[in-house]
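The structure appears right after this line, and notes come after that.
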There are 2 protein chains.
Amino acid sequence: MSAFEQACRDAGLKLTHQRLEIFRELVLATDHPAAETLYHRLKKHLPTLSLDTIYRTLASLERHGLISRVYTTQSQARFELERRLHHHLICSNCSEIIDFYWESFDQSSLPENLNAWGKVKRKNVTVHGLCRKCLKKNTPDPA
Amino acid sequence: MSAFEQACRDAGLKLTHQRLEIFRELVLATDHPAAETLYHRLKKHLPTLSLDTIYRTLASLERHGLISRVYTTQSQARFELERRLHHHLICSNCSEIIDFYWESFDQSSLPENLNAWGKVKRKNVTVHGLCRKCLKKNTPDPA
DNA sequence: CTATGTGCAAAGCGTTTGCGACGGT
DNA sequence: ACCGTCGCAAACGCTTTGCACATAG
């Protein structure tokens, strides 16, 4: 967390109460929350917090590489801390997103013909399926 | 294409001119176009076509499993034909999305501990980097 | 002939922005 | 005291919806 404070100072960002709380909520969250989700969670302890501040803060933290936007098919953007290389499990029913690690994949190399495309920076796996909760509820995917 | 006509009949969808043209454009497209992109491309040959029809048609084709929505961090939704298993290359600069194939990955198995999560249906790789065009233009990624 | 699909215009929803007040540094 | 940030409200962009007419089956 004080690494966060240092990063803010380096970036010229002020250490406001709101900023700290929004970041702290993201540290604790494992579910890649949307802006609105964060808003509802934080509103309990910060009743005057506004949704705009959440949006502005998320954009600013993203710009400075402290958090990142998650790839999704939904219209709502979702966010996560910029952590070590990881991959995502996505439930097609409840659209929960969970991290997992797969080091043997990380160390493997891509097909050679990708060099023709350009310069590769990162590779990520997304696994789709049904999480245990949704399997139990016996709720098959929509349509 | 007549497979498409058959699929429409099976789904109880009428074979309208607009529907056929929108689907045909998606068959030809390799760049995972957004609704608006399709609109501009089709407008040339179908001047009376409306954007709402594009949206409605895309939603309907998606519901029937003929096309799918691509995972993205942008607010605009992008679409592709439901083809054989493939993976995506995404340029962080121009956000172009290109398909690639990687059969040795497709045949590999996931870490065993994922069974604890639920039932896996599909796994996809997303490669991020800079495409050749953007490398040439010497346009480094934003910020 | 009937149900579905279309085009138009208006509404919806998530997100962004201009403004004046506020608060770190 | 200064510049970044906040909350408010209004605007924005992408997408969806209600309605009346048109069209495929």
Side-chain angles (χ1 to χ4, degrees), chain A residues 2 4-23 25 32-40 42-43 45-64 66-79 95 142, chain B residues 2 4-25 32-40 42-43 45-64 66-79 95 142-143:
Chain A
S2 61
F4 172 66
E5 299 181 4
Q6 191 54 53
C8 281
R9 263 188 279 272
D10 294 350
L13 297 174
K14 289 183 181 171
L15 289 170
T16 63
H17 189 199
Q18 292 89 332
R19 190 119 72 197
L20 286 163
E21 289 300 317
I22 291 168
F23 185 80
E25 194 62 43
H32 310 75
E36 196 128 4
T37 313
L38 288 169
Y39 180 59
H40 287 118
L42 289 164
K43 194 93 191 182
H45 298 278
L46 292 150
T48 69
L49 179 69
S50 81
L51 187 52
D52 331 61
T53 298
I54 307 250
Y55 278 112
R56 267 192 270 239
T57 303
L58 291 172
S60 153
L61 296 182
E62 187 191 19
R63 203 172 324 113
H64 291 92
L66 294 164
I67 64 171
S68 55
R69 213 168 276 259
V70 172
Y71 281 75
T72 177
T73 56
Q74 300 168 136
S75 59
Q76 268 190 132
R78 296 176 65 173
F79 298 85
S95 59
Chain B
S2 62
F4 172 66
E5 298 181 4
Q6 192 54 52
C8 282
R9 264 186 279 272
D10 294 350
L13 297 175
K14 290 183 180 170
L15 289 169
T16 63
H17 189 198
Q18 292 89 331
R19 190 118 73 198
L20 286 162
E21 288 301 316
I22 292 168
F23 185 79
R24 212 168 66 87
E25 194 62 42
H32 310 74
E36 196 126 20
T37 312
L38 289 169
Y39 180 58
H40 287 119
L42 289 164
K43 194 92 190 183
H45 298 277
L46 291 151
T48 68
L49 178 68
S50 81
L51 187 52
D52 332 59
T53 299
I54 306 249
Y55 278 111
R56 268 192 270 240
T57 303
L58 290 172
S60 154
L61 297 182
E62 187 191 20
R63 204 175 320 114
H64 292 92
L66 294 164
I67 64 171
S68 54
R69 213 168 275 259
V70 173
Y71 280 76
T72 177
T73 57
Q74 300 168 137
S75 60
Q76 265 190 132
R78 296 177 63 174
F79 299 85
S95 59

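Residue numbers start from 1 in every chain, and the chains themselves are labelled A, B, ... in the order their sequence lines are given, proteins ahead of strands.
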Problem set entry | Distance-only side-chain donor-acceptor flag, B:Q74 / B:S95, under 3.5 Å | yes

Exercise. What nucleotide, of D:dT16, D:dT15, C:dT6, holds the atom closest to the side chain of B:A35?
Worked result: D:dT15

Exercise. B:I54 versus B:E36: any side-chain heavy-atom pair under 4.5 Å?
Worked result: no

Exercise. Given atom OH of B:Y55 and atom P of D:dT17, what is their separation to the nearest angstrom?
Worked result: 13 Å

Exercise. Looking at A:T16, does any N or O in its side chain come under 4.0 Å of the phosphate oxygens OP1/OP2 on D:dC6?
Worked result: yes

Problem set entry | Gap between atoms CG and C1', on B:D52 and C:dT6 respectively (whole Å) | 9 Å

Exercise. Does a nitrogen or oxygen in the side chain of B:Q74 sit under 4.0 Å from OP1 or OP2 of D:dC14?
Worked result: no

Exercise. Distance from A:L42 atom CG to A:E21 atom CD, nearest 0.5 Å?
Worked result: 6.5 Å

Seminar exercise, completed: The answer to which of B:H17 and B:R69 contacts DNA chain D further toward the 5' end, by nearest nucleotide, is B:R69

Seminar exercise, completed: Atom CG of B:L42 and atom P of C:dT6 are separated, to the nearest Å, by 12 Å

Seminar exercise, completed: Output for pair (B:E5 CD, B:F23 CZ), nearest 0.5 Å, gives 10.0 Å

Exercise. Can you tell me how far C1' of C:dT4 sits from CZ of B:R63, to the nearest Å?
Worked result: 12 Å

Exercise. Which whole-number value in Å describes the distance from A:E21 CD to C:dG24 P?
Worked result: 13 Å

Problem set entry | Spacing between B:L51 atom CG and D:dT17 atom P, to the nearest angstrom | 15 Å

Exercise. How close or far is atom P of C:dT6 from atom CG of B:L49, stated in whole angstroms?
Worked result: 9 Å

Seminar exercise, completed: Of B:R19 and A:L15, the one whose closest nucleotide on DNA chain C sits nearer the 5' end is B:R19

Exercise. Is there a side-chain polar atom (N or O) of A:T48 under 4.0 Å from OP1 or OP2 of D:dG7?
Worked result: yes

Exercise. Under 3.5 Å, is there an N or O donor on one side and an acceptor on the other linking the side chain of A:R56 and the base of C:dG18?
Worked result: yes

Problem set entry | Sugar-phosphate, base or nothing in reach of A:A77, heavy atoms under 4.0 Å | sugar-phosphate

Seminar exercise, completed: Picking from D:dC14, C:dG7, C:dG5, the nucleotide nearest the side-chain atoms of B:K14 would be C:dG5

Problem set entry | 5' precedence on DNA chain D between A:T57 and B:L13 (nearest-nucleotide basis) | A:T57

For this session: Give a yes/no on whether any side-chain N or O of A:T53 is located under 4.0 angstrom from OP1 or OP2 of D:dG7.
Result: yes

For this session: Starting at atom CD1 of A:I54, determine the distance to atom P of D:dC8, rounded to an integer number of angstrom.
Result: 13 Å

Problem set entry | Interatomic distance, B:F4 atom CZ to B:I67 atom CD1 [nearest 0.5 angstrom] | 9.0 Å

